[in-house]
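Just follow the structure's listing: the first ligand is 1, and inside any ligand the first atom is 1.
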Amino acid sequence: MRQHKLALCKHHFLEWVCDQTERNINKYKMFTKGDRVLVAVSGGKDSLALWDALNKLGYTTGGVYINLGISGDDQYSLKSQSLAEKFASDHNLVLHIVNIKSDYGKTIPEFSETNKRGKSKPCSVCGLLKRHTMNEIGSRKGYDVLVTGHNLDDEVSVLFNNVLGWQVDFLRRQSPLIPAKEGLIPKAKPFCRFYERETAAYAILANIEYIEDECPFSEGSTTIQNKELLNHLEHQRAGTKLAFYLKFLRAKKELFADLEDDKYTEALFSCPTCGQPTPKQGNCAFCRMVTRS
Ligand code: Q46
Ligand code: ZN
């Protein structure tokens with residue numbers, strides 16, 4: 001790991017990832033051993049590696065997998081679900097499964113065809129459905145926090161994009177921990193300081209079977225383009241990505257210290273259909289989408 005000037009054997013690498021994960025959890029006050037942690041599982045390396053590390057560290061965890069109904073040549077959803085199920089049963093862990101088609105009537109590609117949100121790509125429809133469903137499951141099943149497997153490369157790619165467009169609201173909210181708000185359980189990213197290479201290495205060395213294919217809709221995305229660019233910079237100067245992220249988190253405290261986070265503190269309404277919080281009165285964006293489509 002050039003960025004840390006550190007080389008470890010398999011045994012010490014696996015230990016190092018777990019130690020660093022615990023450090024991040026404590027540093028950003030994400031959750032404690034007394035909390036019930038819901039892991040958002042996609043069947044990919046990051047989320048399964050995170051679930052594995054949290055389990056080894058002794059946290060009380062359950063998983064949630066959302067079958068998006070994405071097929072493609074490689075039967076993406078089918079394959080990823082069976083790997084998520086396999087991990088859960090191998091480790092004797094609870095996995096909550098939501099099937100978008102059977103629970104809400106359509107797959108993600110079908111929703112996106114009939115909805116203006118997803119006209120060009122289904123990712124915006126998909127994001128909305130995932131956010132809603134995970135919060136719903138987390139609240140209903142009594143979890144204290146929802147964790148996702150976002151790694152440093154994901155965070156830095158988003159950060160880079162937000163800086164390019166000076167998306168001040170997004171920059172203000174980008175954080176390893178998004179605290180709870182009425183009706184919304186807190187969200188945390190315990191892997192936010194790990195390079196993608198490190199989470200992949202962990203998954204391989206820990207013998208985790210994960211889906212290697214990316215979702216077919218991620219092809220050509222801005223996130224992937226940004227990652228390539230940032231990898232190029234990292235190659236020129238090791239540690240660039242980590243420094244960009246950590247210096248941002250430090251600068252953020254000063255940049256937004258005297259700004260009222262209106263968006264964050266503003267009152268939320270309760271959706272009359274699903275009961276989940278929404279920024280405007282009336283049905284939430286999720287219910288509007290499901291009934292309109
Ligand atoms: S948003 Fe888009 Fe992802 Fe949904 S449709 Fe696939 S690429 S899975 S993180
Ligand atoms: Zn609703």
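- Here the options are Val158, Asn161, Asn162, Leu159, the test is side-chain contact (heavy atoms from CB on, under 4.5 Å), and the partner is Phe170; only Asn162 passes.
- Taking the six-membered ring for Trp, Trp16 and Tyr202 have ring centres at least 6.0 Å apart.
- A donor-acceptor pair shorter than 3.5 Å can be found between the side chains of Tyr65 and Ser80.
- Among the backbone and side-chain atoms of Cys126, no N/O/S atom is found under 2.8 Å from atom 2 (Fe) of ligand 1.
- Backbone or side-chain N, O or S atoms of Cys123 do not reach atom 6 (Fe) of ligand 1 at under 2.8 Å.
- Counting only N and O atoms by type, the side chains of Thr199 and Asp46 include a donor and acceptor under 3.5 Å apart.
- Among all heavy-atom pairs drawn from Pro190 and Asn24, the shortest one is O-ND2, 3.1 Å.
- Atom 9 (S) of ligand 1 has as its closest protein heavy atom Lys130 NZ, 3.5 Å.
- Within ligand 1, the atoms closer than 4.0 Å to a non-hydrogen atom of Ser218 are 7 (S), numbered from 1 in the order shown.
- Here Glu214 has no heavy atoms under 4.0 Å from ligand 1, in either its backbone or its side chain.
- None of Lys241, Glu234, Gln3 except one satisfies the side chain to side chain donor-acceptor pair (under 3.5 Å) rule with Tyr195; the exception is Glu234.
- Regarding atom 6 (Fe) of ligand 1, its nearest protein heavy-atom neighbour is Cys215 SG, 2.3 Å.
- Contacts with ligand 1 closer than 4.0 Å are made by no heavy atom of Ile108, backbone or side chain.
- Those atoms of ligand 1 with a heavy atom of Leu68 less than 4.0 angstrom away are 8 (S).
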